[in-house]
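What follows is a set of notes on a single structure, which appears directly below.
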Amino acid sequence: MKNKTILVTGGAGFIGSHLCKKLLEDGYRVISMDNLITGNMANVKRLKDNKNFLFIRHDITKKFSEKIKKELSDLAYILDLACPASPVDFPRYPLEIMEVCFNGTKNLLELAREYKVPFLQTSTSEVYGDPEIHPQPESYWGHANPYGPRSCYDEGKRSAEALIYTYKNTYKVDTKIIRIFNTYGPQMRPDDGRVVSNFIVQAITGTYITVYGDGKQTRSFCYVSDMVGGIIAMMKSREEGPFNIGNPGEFTILELAQKVIKLTGTKSKIIFKPLPKDDPKQRKPIITLAKKKLGWSPKVSLDEGLEKTLEFFKNNL
């Protein structure tokens with residue numbers, strides 16, 4: 001695989017840009033593809049001087065031109081991270097999300113079929129919806145609302161998994177699926193609506209720290225370097241998945257707010273607002289399969305990861 005070309009779609013996004021950087025460090029040639037609907041060129045600016053890195057602005061729901069295919073001539077792997085994934089994006093880009101989940105995934109699967117290369121999809125813990133089983137194993141089919149404000153993303157990702165299953169079994173495409181849980185770290189968008197970035201930005205700017213609901217709902221937070229390690233471990237494996245990739249440490253939203261307040265020394269006060277419709281009440285991955293089959297487990301604690309994330313926002317907000 002070394003010196004072969006890996007295509008990373010969504011490569012200018014938060015996780016995608018970290019993944020590109022790690023792959024370059026590991027000796028791969030990387031093509032980062034993004035339509036920049038939510039990605040940011042600033043995320044890959046530091047990579048552009050690397051001779052093994054190429055950025056292509058392209059919407060994967062559209063046809064791949066012959067010029068793009070020429071750049072993919074020695075393609076060895078496709079890693080798909082292309083999709084707006086923050087809650088604030090759901091009402092902004094619902095049709096775009098659904099289209100990239102199905103048509104974008106289909107175009108990449110056709111590319112994998114044509115070039116006879118493996119395809120890895122970053123699915124999501126949102127396929128479990130507002131879970132009735134806790135913690136969540138990969139065998140759980142989920143409790144997602146197909147007709148609601150989050151359905152464009154939840155059902156979009158579920159349809160992508162169904163499409164991948166079909167291509168694997170109909171056309172024998174080598175496919176892999178991971179389901180990623182809440183990820184945080186440097187290069188998050190300050191306005192992306194995720195709870196970690198929300199709390200840190202609110203604390204730094206001295207505004208109210210907004211907790212939705214009573215704050216007793218839980219999340220499991222995975223630092224971005226651990227997430228990238230899980231993606232690469234799956235890429236290098238012979239496994240099919242789906243596998244959960246996330247940190248099983250479980251915290252209430254109120255606990256997270258209190259950690260951020262302590263870490264920043266802010267005088268910001270916590271205020272409570274109504275919980276959005278279909279917002280999951282609990283979320284915690286069972287990662288037994290990833291540990292056993294991939295030899296992967298997260299290493300960065302929440303306190304350590306928050307300190308690194310806070311430093312980034314202080315320097316870049």
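Under 3.5 Å, the side chains of S86 and R194 contain a donor-acceptor pair of N or O atoms. Using a 3.5 Å distance cut-off with no hydrogens or angles, the side chains of S123 and E161 do pair a donor with an acceptor. In this model, a donor atom of one side chain and an acceptor atom of the other lie less than 3.5 Å apart for T218 and E250. Side chains of D59 and T61: a donor-acceptor N/O pair is present below 3.5 angstrom, by distance only. Judged by distance alone, the side chains of S268 and T266 do bring a donor and an acceptor atom under 3.5 Å apart. For the 3.5 Å distance criterion, the side chains of S197 and D192 qualify, holding a donor opposite an acceptor. Between the side chains of T5 and D74, at least one donor N or O sits under 3.5 Å from an acceptor N or O.
The side chain to side chain contact (heavy atoms under 4.5 Å, CB included) test with D80 is passed by exactly one of L120, T122, I164, I60: I60. Checked options V44, L7, V8; the residue passing with V30 is V8 (criterion: side chain to side chain contact (heavy atoms under 4.5 Å, CB included)).
Atom CZ of residue R150 and atom CD1 of residue I97 lie 10.5 Å apart, to the nearest 0.5 angstrom. Going from atom CD of Q121 over to atom CG of L163 covers 9.0 Å, rounded to the nearest 0.5 Å. The OG atom of S17 sits 11.0 Å away from atom CE of M41, with the distance rounded to the nearest 0.5 Å.
One finds no salt bridge joining E311 and K314 here, because no Lys/Arg side-chain nitrogen approaches an Asp/Glu carboxylate oxygen to under 4.0 Å. E71 has a carboxylate O that lies under 4.0 Å from a charged side-chain N of R29, or vice versa, which qualifies the two as a salt bridge. Ion pairing between a basic and an acidic side chain is recognised when a charged N comes within 4.0 Å of a carboxylate O; E114 and K69 show such pairing.
In this structure, H58 has its ring center closer than 6.0 angstrom to the ring center of F64.
Of all heavy-atom pairs spanning M234 and K176, the tightest one is O-CD, 3.5 Å. When every heavy atom of D34 is checked against every heavy atom of G11, the shortest pair comes out as OD2-N, 3.6 Å. Among all heavy-atom pairs drawn from N52 and Y28, the shortest one is CB-O, 3.8 Å.
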For this session: Test side chain to side chain contact (heavy atoms under 4.5 Å, CB included) on I78 and L109 and set out the steps.
Result: CA-CA 9 Å; I78 299 172; L109 286 166; over 6 Å; no

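Taking the six-membered ring where the residue is Trp, Y167 and Y171 present tilted rings, their angle falling between 30° and 60°. In this structure, F181 and Y128 have tilted ring planes: the angle between them lies in the 30° to 60° band.
Side-chain contact between T309 and I200 is present, with heavy atoms from C-beta onward closer than 4.5 Å.
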